[in-house]
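Structure first, then comments.
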Number of protein chains: 2
Amino acid sequence: MSVGIRHDDLRRRNRAMVIAAVRRAGRPSRTEIAATTGLSHSTISAISSDLIGEGILAEGKPSEAGALKRGRPQVGLGLNPEAAAVMTVVLSLNFLSVAVIDYAGQVISEEQRRLDTLTMSREALIGECVAIVRRRLEDSDIDVRSVARIALAIQGITDTEARAMLWSPITPQTDIAFADILEAEFGIPATMENDCNMMAVALRWRDPERYRDDFIAILLSHGIGMGLVLKGELFTGTHSSGGEFGHMIHRPGGALCRCGRRGCVEAYAGNYAIWRNARQLSEDTEPVADVSDAQMRALAATARERDGPEREAYRKAGEALGYGLGSLFALIDPAPVAMVGVSAAAFDLIEPALREAIAQTAGGQHSKSISFDTEPNELPLIREGCAMRALTFVDQEIFAPGVQTKAGPAAKKNVA
Amino acid sequence: MSVGIRHDDLRRRNRAMVIAAVRRAGRPSRTEIAATTGLSHSTISAISSDLIGEGILAEGKPSEAGALKRGRPQVGLGLNPEAAAVMTVVLSLNFLSVAVIDYAGQVISEEQRRLDTLTMSREALIGECVAIVRRRLEDSDIDVRSVARIALAIQGITDTEARAMLWSPITPQTDIAFADILEAEFGIPATMENDCNMMAVALRWRDPERYRDDFIAILLSHGIGMGLVLKGELFTGTHSSGGEFGHMIHRPGGALCRCGRRGCVEAYAGNYAIWRNARQLSEDTEPVADVSDAQMRALAATARERDGPEREAYRKAGEALGYGLGSLFALIDPAPVAMVGVSAAAFDLIEPALREAIAQTAGGQHSKSISFDTEPNELPLIREGCAMRALTFVDQEIFAPGVQTKAGPAAKKNVA
DNA sequence: AGTGTTTTTTCGAGGCTCGAAAAAATAGGG
DNA sequence: CCCTATTTTTTCGAGCCTCGAAAAAACACT
C-alpha cells in the first residue's frame with residue numbers, strides 16, 4: 001500500500017513546504033520560513049534561491065514592518081504573481097460566475113452571468129460554461145499559457161476524484177464530467193468541487209485561528225449543504241463529495257424533501273421548507289423551485305415582528321438543524337460552526353430551537369460551548385475557496401512535481 | 001504547522017515501512033518488500049541487514065512455498081518473536097481479559113476473570129486491572145523488560161489521546177485515566193482504546209481484501225457501538241473516540257435510552273431495547289442493567305418461531321439501525337458493514353427492516369449493494385485489534401523512533 | 001559439471017540537509 | 001562620520017541516504 005520515500009522526494013516535499021509557508025504567511029523572511037518549517041537556514045536558503053531563480057518566488061519588503069531592529073533587515077519572500085494564474089468557475093442556481101486569479105491570489109479579471117439552469121439542456125449548460133471560460137481566456141490581458149488550473153464549484157454532489165458532478169439541485173441533468181470537458185476543451189487541468197467544501201476551504205484561509213483543525217460550514221439556502229474539516233483535512237465521502245448533511249433523516253417518514261425522500265433535514269430547514277411551513281401548507285406539498293432572497297428576507301422580517309406560522313417555520317428549521325447537528329456531533333464531537341447563506345441572516349430566529357434540539361442529543365452536554373458564526377453571502381466564499389484550492393494544486397503539482405500528499409497512484413501519472 | 005522533512009527522517013520512515021511490510025506479508029523476501037514499498041533492492045538490503053542485526057527481523061523460509069523456481073531461492077524475512085512483547089487488556093461488562101503477545105503476534109499467556117463491574121468502586125476497578133497485569137508480568141515465562149506496550153480496550157468513550165476512559169456503560173465511574181495509571185504503575189507505555197475501534201482494526205488485519213479502505217464495524221450488544229475506517233484510517237472524533245453511532249437520534253423525543261436521552265438508535269436496537277419491546281413494555285420503561293446472551297438467543301428463537309412482539313422488537317431494531325446507517329451513509333457514502341456481537345446472530349431478524357429503512361435514506365439508491373457480515377463473538381476480535389494496535393506502536397516508536405505519522409510537535413521531543 | 005535464472009549484496013555516484021563559520025546589511029553610539 | 005553590536009543570509013565541507021549497475025550467491029535443470 002503505502003510507498004517508501006525515495007531520495008528525490010525529499011527536495012520536492014520541502015520545496016512544496018516552503019511554497020506553502022510563503023502562501024500562508026504572506027511575505028515571510030527566510031528566517032521565519034526556517035522557523036515554521038523546522039528546516040535549517042541553509043536548506044531554506046538553497047530552496048528559496050532555486051524558487052526565485054525559477055520565477056516562483058520574488059524578494060520584496062517583509063510583511064511585518066518590524067523594520068526598526070538592530071541587525072541586517074529581513075528580506076520578505078512573496079509569491080510572484082506572474083508565476084501562474086488559475087480560474088475559478090462557480091455554477092449556482094441561475095448563476096454562473098468566473099474569475100481569473102494570479103499566483104499571489106489577486107483577482108485579475110471576472111465575469112458573471114445569469115442563466116436559467118433549471119430548464120437548460122445538458123448541452124446548453126456545458127456550452128455556457130465552456131463559452132464563459134473561453135471569453136476569459138481570450139481576454140487580452142491574460143497570457144493563456146499561464147493559466148495552470150481551473151477549479152469549478154457546483155452545488156450538489158461531486159465524485160471524490162473531483163472529475164464530475166453526479167447530481168445537483170440546480171439542474172435536472174446528472175453525471176456531467178465538467179472537469180474532463182474543460183480539460184479536453186482547453187488543455188488545462190481542471191477539478192470539479194463541491195460548493196460547501198470550497199466554503200470550508202475559504203474559511204480556513206480567511207481565519208485560520210478560528211477555523212483550524214475541526215469545523216463545520218453549513219449552507220442555509222434553498223437546499224442545505226455542508227463542508228466539513230476534520231483534523232485539518234477536508235472531509236469527503238468515500239465515493240462522492242459526501243457530507244450530505246441536508247439529507248440525514250430528521251423524522252422517519254416526515255416532510256417531503258426535494259430529493260423525493262421524506263423527513264430529511266432539508267425538508268424542514270431549506271428555504272422551500274421554511275416557505276412551505278410559513279404558508280401553513282401540508283408537509284406533503286411539492287417543494288417550490290425557487291424562493292427569492294427578497295422573499296426569504298421578508299419572511300424573516302415577519303417572523304421577527306409577530307408570533308405566527310412564519311416564526312414557527314423558523315423554529316422547525318432550527319429543530320431539524322439541531323437534531324441533525326446533534327447526530328453529527330455524536331460521530332465527530334462538537335466543533336465550531338459557520339452558517340452561510342441567506343437564511344444565516346435569520347439565524348436569530350433559528351438559534352433558540354437549534355440549541356434546544358442539540359441539548360437533547362449526544363453532543364448536548366457541550367451545547368452551550370458550541371459557537372456559531374454567520375455569513376449571509378456564500379458566493380464570495382465559494383470563489384475564494386476555489387481559488388485557494390486551484391492555487392494549492394499549482395503549488396504542489398507544477399512547482400514541486402511528484403509529491404503525493406496521500407499514498408496514491410494518481411501523482412505518478414503526472415511524473416510520467 | 002506541518003513540518004519539513006529532515007534528512008534523518010528518511011531512514012526512520014523507510015525502516016518503519018519495511019517493518020510494516022513484513023508484518024503485513026508474513027514472511028516476505030527482500031524482493032517482495034522492494035516491490036511493495038517501491039524502494040530499491042539496495043535500500044531494502046541495507047535496511048533489512050540493519051534490522052536483522054538489531055534482532056528485530058529474522059531470516060527463515062519464505063511464506064509462499066514458491067520453492068520450485070529456477071534461480072536462487074528467496075529468503076523469507078519474519079518478525080523476531082523475541083524482539084518484544086505487548087499486553088492486551090480488554091475490559092467489558094462483568095469481564096476482564098488479559099493476554100501477553102509476542103512481537104510476531106502469537107499469544108504467549110492469557111488470563112480471564114469475571115467481576116461485577118457495574119457495582120465495583122473506582123479503586124476496585126483500577127485495582128483489578130493493575131493486579132491482573134501484574135500477575136501476567138510476574139509469570140516466569142515472560143521477560144518483563146521485553147513488554148513494550150499495553151493496549152487496553154473498553155466499551156464506551158475514550159479520549160482522542162488514548163489516555164483515559166471518559167464514560168462507559170459497564171461502570172458508573174467516569175474519567176479514569178487507565179493509560180496513565182498503568183504507565184505509572186509498570187513504567188510501560190500504555191494506551192486506552194475504544195472496543196469498537198479495535199474491532200475495526202482487527203477486521204482490517206483479518207481480511208484486508210474485504211476490509212481495506214472504508215468499512216464499518218457495528219457492535220450489537222447491550223449497547224450499540226461503532227468502529228469506522230475511512231480512507232484507510234481509523235476514524236475518531238476530534239476530542240473523543242467518537243463514532244457514537246448508537247446515540248444518533250433516530251426519533252426525536254422517542255424511546256428512553258440508557259444514556260438518559262430519548263430516541264437514540266440504541267434505545268431501539270440495544271439488547272435492553274429489544275428486550276423491552278419484546279415484553280411490550282412502554283418505551284419510557286427504565287432500561288434493564290443486563291440481558292444475558294442466553295436470554296437474547298431465546299428471544300431470537302421465539303421471534304423466528306412465530307409472529308409476535310419478539311419479531312416486532314427485532315423489526316424495530318432493524319428500522320432504527322437502518323435509519324442510523326442511512327444517515328451515516330449520507331455523510332460518508334455506503335461501505336461494507338460487519339455486524340458483531342450477540343445480536344449479530346439474529347441478523348436474519350433484523351436485516352429486512354434494516355434494508356427497508358436504508359432504502360428510505362440518502363444512501364438508499366445503493367441499498368442492495370451494501371453487504372453485511374456477521375460475527376457473533378466480539379471478544380476475540382477486540383483482543384486481536386488491541387494486539388495489532390500495540391504491536392504497530394512498537395514498530396513505529398521503538399524500532400523506528402522519531403517518525404511522525406501525521407505532522408505534530410510530539411515527534412520533536414523524541415528527536416531531542 | 002555446466003548453464004541459466006533469480007535473489008541478494010556490494011560499490012561508487014549523486015543529492016540532500018545540517019552545522020559552523022563567514023559575509024552582508026543595518027541601527028546606535030561616541 | 002566611523003566603529004561596533006546585532007541579526008539575517010550565504011557558503012562550504014561533512015555525513016547520510018538512496019539508486020543503478022555489476023558482481024556474487026544459490027539453486028534447478030540438463
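These figures come from a predicted structure and were not determined experimentally. In what follows, chains carry the letters A, B, and so on, assigned in the order in which the sequence lines appear, proteins first and then strands, with residues in each chain numbered from 1.
Here the side chain of B/S45 is nearest to one of D/dA25, C/dT9, D/dT9, namely C/dT9. Nearest to the side-chain atoms of B/N14 among the listed nucleotides D/dA21, D/dT18, D/dT9 stands D/dT18. Proximity note for B/P73 (side chain, C-beta onward) versus D/dA28, D/dA26, C/dT26: the nearest is D/dA26. Taking only side-chain atoms of B/V75, from C-beta outward, the nucleotide of D/dT18, C/dT8, C/dG19 with the closest atom is C/dT8.
Map B/I44 and A/I47 each onto its nearest nucleotide of DNA chain C; the residue landing nearer the 5' end is B/I44. The 5' end of DNA chain C is approached more closely, in terms of each residue's nearest nucleotide, by A/S40 than by the other of A/S40 and A/G71.
Separating the CZ atom of A/R11 from the P atom of C/dC18 is a distance of 11 Å, rounded to the nearest angstrom. Taking atom CZ of B/R15 as the reference point, atom C1' of D/dT18 lies 16 Å away to the nearest angstrom. In this entry the distance linking CG of B/L39 with P of D/dC19 reads 5 Å, nearest Å.
For the OP1/OP2 pair of C/dC16 and a distance below 4.0 Å, the side-chain nitrogens and oxygens of A/T43 include no atom meeting the criterion.
For A/S42 against C/dG19, a side-chain N or O and a base N or O form a donor-acceptor pair under 3.5 Å.
Two residues are said to be in side-chain contact when any heavy atoms from C-beta on lie closer than 4.5 Å; B/R30 and B/V75 meet this criterion.
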